[in-house]
Amino acid sequence: MNIRKIFALSIVLLMGTQVLFANYAFYRKVANTFKFYRIPLDEKKMVLTENPDGSYQFSIELTSTKRNDFEMPMLVAFISVGQAINHQQAFAKKKPGYVPVVPGNTEVAIYIPISRQNTVIAAKATADQVSQFADGKVDAAGFMRLIKDSIQTL
């Protein structure tokens with residue numbers, strides 16, 4: 001009986017480490033892309049959540065360093081998520097049984113210091129849109145046209 005408990009516990013721990021590793025790898029890829037573009041990122045403001053149906057959703061909050069520059073951090077955020085998705089899918093091809101972390105929706109919120117109260121611009125994109133943008137199939141202007149209906153000023 002003890003062997004069954006140990007075996008079951010080890011299976012649960014093994015499955016849990018895959019999720020933890022996947023989240024860590026996803027966050028690292030996003031953070032490294034921001035570092036490459038020299039855009040400051042507070043890693044505590046990235047959230048990768050798993051929905052009850054097993055799908056994922058990713059959200060990130062950024063603060064613009066300039067009053068009139070919200071587009072560059074937004075585009076870099078979507079590019080970094082696309083590269084993280086591509087990295088997860090490539091890793092899944094190499095390692096059988098690995099389930100990649102692919103967020104179905106990505107939400108980016110940019111805080112812009114225009115006045116005493118920050119203006120917030122938020123946008124959403126699907127995994128397909130983000131992957132096309134990261135792969136270079138859609139340029140920046142085309143990507144902004146794809147997500148134009150989801151952009152909100154709060």
Check: Ala127 main-chain N/O paired with Ser131 side-chain donor or acceptor under 3.5 Å: yes
Taking every non-hydrogen atom, the tightest pair across Pro113 and Ser64: CD-O, 3.4 Å
Test log, rule side-chain contact (heavy atoms from CB on, under 4.5 Å), inputs Leu75 and Met144: CA-CA 9 Å; Leu75 291 174; Met144 291 303 278; 3.8 Å; yes
Within one Ile-Leu-Val-Met-Phe-Trp-Tyr cluster: Val47 and Leu41, side-chain cutoff 4.5 Å: no
Atom of Pro73, atom of Leu62 and distance for their closest heavy-atom approach: O-CD1, 3.6 Å
Test item: side-chain donor near acceptor, Thr126 and Asp128, under 3.5 Å: no
Spacing of CD belonging to Gln57 relative to CG belonging to Leu48, to within rounding of 0.5 Å: 9.5 Å
Separation between CD1 of Ile151 and CZ of Phe70, rounded to the nearest 0.5 Å: 6.5 Å
Shortest non-hydrogen separation from Pro100 to Gln88 and the atoms involved: CB-O, 3.6 Å
Residue pairs, two or more places apart or on separate chains, that pass ring pair (Phe, Tyr, Trp, His ring centres under 6.0 Å) and touch residues 113-141: Phe133-Phe143
Flag, side chain of Asp53 to backbone of Ser55, donor-acceptor distance under 3.5 Å: yes
Atom pair CD (Gln83) and CZ (Phe26), whose distance is rounded to the nearest 0.5 Å: 11.0 Å
Sub-4.5 Å side-chain heavy-atom contact between Phe36 and Asn32: no
Val138 and Gln129, any side-chain heavy atoms less than 4.5 Å apart: no
Separation between OH of Tyr111 and NZ of Lys45, rounded to the nearest 0.5 Å: 6.5 Å
Ser150 (side chain) donor-acceptor with Lys124 (main chain) under 3.5 angstrom: yes
Cluster check Met72, Val120: I/L/V/M/F/W/Y, side chain < 4.5 angstrom: no
CG-CZ distance between Asp42 and Phe34, expressed to the nearest 0.5 angstrom: 11.0 Å
Minimum heavy-atom distance Val130-Thr106, with the two atoms named: CG2-OG1, 4.3 Å
Approximate separation, where rounding is to 0.5 Å, of Ile112 CD1 and Ile121 CD1: 3.5 Å
